[in-house]
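Each chain gets a letter, A, B and so on, in the order the sequences are listed, and its residues count up from 1. Atoms considered below: every heavy atom in the structure, side chains included; atoms not considered: hydrogens, waters and symmetry mates.
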Protein chains: 2
Amino acid sequence: MSRMTTVAAHTTGSRALAHPERAEIRLEAVLHALSDPMRLAVVREMAASQGPDSPGLSCSHFDLPVTKSTSTHHFRVLRESGVIEQVYRGTAKLNGLRRGDLDALFPGLLDSVLDAATRQADRLSEH
Amino acid sequence: MSRMTTVAAHTTGSRALAHPERAEIRLEAVLHALSDPMRLAVVREMAASQGPDSPGLSCSHFDLPVTKSTSTHHFRVLRESGVIEQVYRGTAKLNGLRRGDLDALFPGLLDSVLDAATRQADRLSEH
DNA sequence: ACCGTAGTACGGCAGCTGTCAAACTACGAG
DNA sequence: CTCGTAGTTTGACAGCTGCCGTACTACGGT
């Protein structure tokens with residue numbers, strides 16, 4: 001019941017990750033995904049490195065203070081909630097915010113959250 | 001270690017609930033509070049019954065499909081995260097969104113979330 | 001074909017979450 | 001004062017969360 005990893009998926013060096021369709025994205029799941037400090041930080045960094053209008057995927061590299069398995073876990077939560085998309089490029093992974101989908105479903109939400117996160121970071125750092 | 005309920009707090013019919021100061025409100029906690037369907041529904045109803053510019057507290061009554069203890073729990077999460085404020089008026093409780101504080105800390109966030117929730121509700125209902 | 005590197009899967013664990021039922025406290029009305 | 005109603009507290013319980021370590025898979029280079 002667990003010997004199916006090698007079976008399919010060899011589309012010329014691009015394993016496919018399961019992403020929710022735009023219509024399947026749920027606000028509660030998005031908010032939940034963003035409510036973890038680590039994940040919020042990842043999303044902030046992604047937004048910063050991608051600029052305001054996304055070219056889609058960027059190849060940013062994240063150095064999180066957790067083990068690889070924990071990273072995988074957080075990225076999975078972000079992906080399954082519809083906040084980010086991920087594709088493989090060889091041995092690395094390309095990450096990208098799903099700005100288009102999020103802005104279409106929930107206009108202004110992502111920007112508000114990112115702005116709020118920046119404000120809070122500023123507020124807390126000028127202690 | 002648990003016989004202190006009757007001790008203090010009898011300020012003329014207004015037990016005081018612990019609320020975070022504005023400066024103590026954390027974005028992550030707010031997002032987490034809003035990421036539960038039940039709590040998001042409560043906040044939506046509160047926002048609707050209070051109108052866009054809040055007169056402070058409104059006396060709305062909520063009929064949640066859970067027991068009283070579960071309600072208490074959800075209202076506590078909302079209060080402790082800084083999303084709502086509560087005061088007693090006799091036997092009932094006055095609830096109110098902390099619009100002022102939230103808008104000051106995270107401009108646009110609450111409105112984006114409320115708007116997103118409305119859009120999602122509309123989208124899901126026209127199935 | 002063989003390594004090394006990058007990521008995933010699995011199992012485990014402490015802690016938190018949403019829920020309930022039952023016992024309790026607080027206020028208002030009679 | 002006594003009762004009923006509104007809300008809180010406590011304890012319980014299943015399920016999820018964040019975290020880790022180990023074992024595994026996949027790709028690229030040599």
Side-chain angles (χ1 to χ4, degrees), chain A residues 1-19 26 28-29 31-42 57 59-81 84-95, chain B residues 1-19 26 28-29 31-42 57 59-81 84-95:
Chain A
M1 203 78 84
S2 60
R3 230 5 10 98
M4 37 75 79
T5 322
T6 333
V7 174
H10 54 103
T11 337
T12 325
S14 285
R15 284 158 289 174
L17 281 312
H19 291 75
R26 297 278 282 119
E28 294 87 339
L31 294 177
H32 174 246
L34 296 176
S35 74
D36 179 272
M38 185 102 58
R39 291 193 292 259
L40 184 55
V42 166
L57 297 185
C59 188
S60 26
H61 171 252
F62 297 93
D63 218 350
L64 304 178
V66 290
T67 59
K68 289 189 296 175
S69 18
T70 304
S71 289
T72 298
H73 163 66
H74 284 306
F75 277 99
R76 187 207 305 254
V77 173
L78 287 171
R79 175 167 42 83
E80 292 184 344
S81 66
I84 69 169
E85 65 185 327
Q86 305 181 283
V87 285
Y88 290 99
R89 206 257 338 219
T91 175
K93 218 169 34 185
L94 298 190
N95 301 296
Chain B
M1 204 77 85
S2 62
R3 225 16 0 101
M4 39 74 80
T5 322
T6 335
V7 174
H10 54 102
T11 339
T12 324
S14 284
R15 284 156 289 175
L17 282 310
H19 291 74
R26 297 280 280 119
E28 294 87 340
L31 295 178
H32 174 246
L34 296 176
S35 74
D36 179 90
M38 185 101 60
R39 291 192 292 260
L40 183 56
V42 167
L57 297 186
C59 187
S60 28
H61 171 253
F62 297 92
D63 219 349
L64 304 178
V66 290
T67 60
K68 289 187 296 175
S69 19
T70 305
S71 289
T72 298
H73 163 67
H74 284 306
F75 278 99
R76 186 205 307 250
V77 173
L78 287 171
R79 174 167 44 83
E80 291 183 344
S81 67
I84 68 169
E85 64 185 328
Q86 306 182 284
V87 285
Y88 289 99
R89 206 256 339 213
T91 175
K93 219 169 33 185
L94 298 190
N95 302 295

How close or far is atom [atom2] of [N] from atom [atom1] of [X], stated in whole angstroms?
{"X": "A/His32", "N": "C/dC16", "atom1": "NE2", "atom2": "P", "answer": "14 Å"}
{"X": "A/Leu64", "N": "D/dG18", "atom1": "CG", "atom2": "P", "answer": "13 Å"}
{"X": "A/Gln86", "N": "C/dA6", "atom1": "CD", "atom2": "P", "answer": "16 Å"}
{"X": "B/Met38", "N": "C/dG18", "atom1": "CE", "atom2": "C1'", "answer": "8 Å"}
{"X": "B/Leu94", "N": "D/dA6", "atom1": "CG", "atom2": "P", "answer": "15 Å"}
{"X": "B/Arg79", "N": "D/dT9", "atom1": "CZ", "atom2": "C1'", "answer": "13 Å"}
{"X": "A/Glu28", "N": "C/dT17", "atom1": "CD", "atom2": "P", "answer": "17 Å"}
{"X": "A/Leu34", "N": "D/dG18", "atom1": "CG", "atom2": "C1'", "answer": "17 Å"}

- Query: Where is the tightest heavy-atom contact between A/Leu34 and B/Leu31, given as atom of each residue plus distance?
  - Reply: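 Closest approach of A/Leu34 to B/Leu31, heavy atoms only: O-CD1, 3.6 Å.
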
- Message: For B/Ser81 versus B/Ala29, what's the shortest heavy-atom pair and its separation?
- Response: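 Nearest heavy atoms, B/Ser81 then B/Ala29: CB-O, 3.6 Å.
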
- Message: It should be established whether A/Tyr88 places a side-chain nitrogen or oxygen under 4.0 Å from OP1 or OP2 of nucleotide C/dA6.
- Response: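 So the side-chain polar atoms of A/Tyr88 never come under 4.0 Å of the phosphate oxygens OP1 or OP2 of C/dA6.
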
- Message: Quick check on C/dG7: is either OP1 or OP2 less than 4.0 Å from any side-chain nitrogen or oxygen of A/Arg76?
- Response: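 For C/dG7, neither OP1 nor OP2 has a side-chain N or O of A/Arg76 closer than 4.0 Å.
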
- Item | A/Gln86 CD to A/Arg76 CZ distance, which is reported to the nearest 0.5 Å |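 Reported value, rounded in 0.5 Å steps: 10.0 Å.
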
- Task: Could you grab the distance from atom NE2 of A/His32 to atom CZ of A/Arg26, nearest 0.5 Å is fine?
- Result: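 Here the interatomic distance stands at 14.0 Å.
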
- Message: Among residues 66-75 of chain B, which ones have heavy-atom contacts with DNA chain D below 4.0 Å?
- Response: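 Correct list: B/Lys68, B/Ser69, B/Thr72.
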
- Message: Determine whether B/Val42 and B/His74 satisfy the following criterion, side-chain contact (heavy atoms from CB on, under 4.5 Å), listing intermediate values before the conclusion.
- Response: CA-CA 9 Å; B/Val42 167; B/His74 284 306; over 6 Å; no

- Message: Using the side-chain contact (heavy atoms from CB on, under 4.5 Å) definition, which of the options A/Thr70, A/Leu17, A/Leu64 pairs with A/Phe75?
- Response: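 Only one option passes, and that is A/Leu64.
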
